[in-house]
Amino acid sequence: MDLFAYPVSLVMKFWHWALSFVVDPDSGIAWVGSVLLLVVTVRLLLMRSMWRQQYSMRKMAQLAPKMKELQLKYSGRKSPEDRQAQAKEMQELYSGAGVNPAAGCLPLLVQIPVFLGLYYVLLNFSPPGKSIEEASTMTNGAFQPEQVASFLNAEIFGVPLASYIRMPQEVMDSLHPGLQQSDILMLAVPLFVLAGIATFINMWNSFRRQKAAKAAEQAAIAQVEAEDRAGGPFVDGEVVEIDGEKPATAADADVGSEGGSTAADRRDGTAGTPGTPATAGAAGAAGPGAGAGADAAAKPQDFQSMAESMTESMNQSMKIMMYLFPFFPIVGAYFFNFPIAIGLYWLTNNIWTAVQSHFFMERLEKELPMSSREGLPPSAFM
């Protein structure tokens, strides 16, 4: 745990030192400010990764119609060579758009050790089983004993930052003579409840945005499928002519299914198997031997399926977490002895998330509107 705690304490120590030029270093303002500026520091360092996460998710949604076109293009071609060609085109499509399906994991993976490190540092200002006098003589991460004593004396609204709901009475007396559990509850309960509400609001807004993006993505895919069935793109509800020739109609598709190739085959330049439409997902012209070879060959990575699976998994996880995670600060405040300073960190972090998400979404709507079939070039942040 020291691996996480020491860097966190070092950042807090720097900001406390910087604030000591403006306010009393032993005051609650200096220590509250160091906690809040720790949030700002971490979130600024993560801002580029967060932008890449949001950008990649939006870009993946916009690429869905093109991925569908690739699926339709290779729907009747099941040879190992065709599978490899399809996977290569999918990979090139993602690479060309600068999309990384795993980009959404990094910000979360970074914030978890930061939170654990902060929790460890704040709890060890007054470690369980140690008196305040003993704690004042110990180091805590990058903090020296005199700075530990300074933190223990810091208060906000008359309540020590190091206090927690289930703090033993004898520890409260040594920390702040006359301090009662009711004093801590009057500050801790509203603080951690607000932190939980802010967590829920952020997760609800995120889930709502993803749901809207998914609906737009499905509508674009449905348009691609309709155009494939009709044999060409729609303009004002009519199938447009391509190179002076009207694309095949549904009747032509029926004929093609009985005697040769479908409209989709003619666009691809691939021949259908007599009696079987190529776009129906049949094995095509490959015989039993080719089919056996396809089974024996290693199946190339399907990047679209991976992206869709990751997105669906994230949506399901977020929906569950949306109703459970907001209770964590409240439960943690009681069962895990979250100090008051942890509540300040949690609330500030969620406020930052809400403001940042607002500006990110506004920018994404301008750069990558979901109504568009084509994605724009990556922004200057990429």
Side-chain angles (χ1 to χ4, degrees), residues 32 35-36 38-44 46-47 49-58 61 103-119 122-123 156-157 159 161 164-166 184-217 310-365 370:
V32 168
V35 173
L36 300 186
L38 170 66
V39 176
V40 174
T41 302
V42 173
R43 297 309 298 267
L44 284 176
L46 288 176
M47 183 173 287
S49 296
M50 294 293 290
W51 171 254
R52 290 179 65 89
Q53 173 195 16
Q54 298 294 329
Y55 188 94
S56 291
M57 291 176 66
R58 178 62 66 93
C105 302
L106 181 60
L108 180 61
L109 293 178
V110 173
Q111 288 187 76
I112 289 176
V114 170
F115 176 80
L116 292 176
L118 181 64
Y119 170 65
L122 295 178
L123 191 62
I156 177 173
F157 302 118
V159 178
L161 286 172
Y164 47 89
I165 291 177
R166 293 196 301 158
I184 300 175
L185 287 172
M186 288 181 65
L187 177 61
V189 171
L191 180 62
F192 283 102
V193 168
L194 283 175
I197 292 173
T199 302
F200 175 79
I201 291 173
N202 280 330
M203 298 188 75
W204 170 257
N205 284 334
S206 179
F207 181 76
R208 186 166 53 91
R209 286 191 296 264
Q210 289 187 19
K211 188 176 180 180
K214 187 65 177 177
E217 175 187 333
M310 288 181 63
T311 302
E312 183 63 25
S313 178
M314 287 176 63
N315 287 340
Q316 291 298 326
S317 299
M318 181 170 289
K319 191 171 183 180
I320 295 172
M321 291 172 61
M322 182 174 65
Y323 294 104
L324 295 180
F325 203 63
F327 290 100
F328 187 63
I330 302 170
V331 172
Y334 184 81
F335 289 102
F336 300 107
N337 295 331
F338 284 176
I340 295 294
I342 281 282
L344 292 172
Y345 170 85
W346 202 306
L347 182 59
T348 305
N349 192 56
N350 276 281
I351 292 173
W352 180 285
T353 299
V355 175
Q356 178 178 272
S357 296
H358 172 74
F359 286 107
F360 277 5
M361 290 303 109
E362 281 196 341
R363 179 159 190 164
L364 283 172
E365 285 301 323
M370 283 305 300

- Message: What I'd like to find out is whether the side chain of Phe325 reaches to under 4.5 Å of the side chain of Ile320, using heavy atoms alone.
- Response: no

One should read off an interatomic distance between Ile165 CD1 and Phe335 CZ, to the nearest 0.5 angstrom, of 10.5 Å

Value for CD1 (Ile184) from CZ (Arg166), rounded to nearest 0.5 Å, stands at 12.5 Å

Is there a side-chain contact between Met361 and Asn205, using heavy atoms and a 4.5 Å cut-off?
-> no

| field | No-hydrogen, no-angle side-chain donor-acceptor test under 3.5 Å, Thr353 and Asn202 | value | no

CG of Asn349 to CZ of Arg43, rounded to nearest 0.5 Å, is 5.0 Å

Does the plane of the ring in Phe192 sit parallel, tilted or perpendicular to the ring in Phe338? Use 30° and 60° as the thresholds. tilted

Closest non-hydrogen contact found for Ala341 with Leu122 is CB-CD1, 3.5 Å

Sequence neighbours excluded, the answer for side chain to side chain contact (heavy atoms under 4.5 Å, CB included) partners of Leu191 is Ile340, Leu344, Leu347

Separation between OG (Ser357) and CG (Asn350), nearest 0.5 Å, reads 10.0 Å

Practice task
Please work out whether the ring planes of Phe328 and Trp346 are parallel, tilted or perpendicular, with thresholds of 30° and 60°.
Solution key: tilted

Heavy-atom nearest pair, Trp51 first then Arg363, reads CH2-CG, 3.5 Å

Walk me through it: do Phe327 and Phe200 pass the test side-chain contact (heavy atoms from CB on, under 4.5 Å)?
CA-CA 9 Å; Phe327 290 100; Phe200 175 79; over 6 Å; no

CD of Gln356 to CD1 of Ile351, rounded to nearest 0.5 Å, is 13.5 Å

Test side-chain contact (heavy atoms from CB on, under 4.5 Å), reference Val114, set Val39, Thr41, Leu46, Val42, output is Val42

Separation between CH2 (Trp352) and CE (Met47), nearest 0.5 Å, reads 5.0 Å

Residues Ile342 and Tyr119: closest non-hydrogen pair is CD1-CA, 3.7 Å

Evaluate the side-chain proximity of Tyr164 to Tyr334: yes if any heavy-atom separation is below 4.5 Å, no if none is. no

Step by step, would you call Phe360 with Tyr55 a side-chain contact (heavy atoms from CB on, under 4.5 Å)? CA-CA 9 Å; Phe360 277 5; Tyr55 188 94; over 6 Å; no

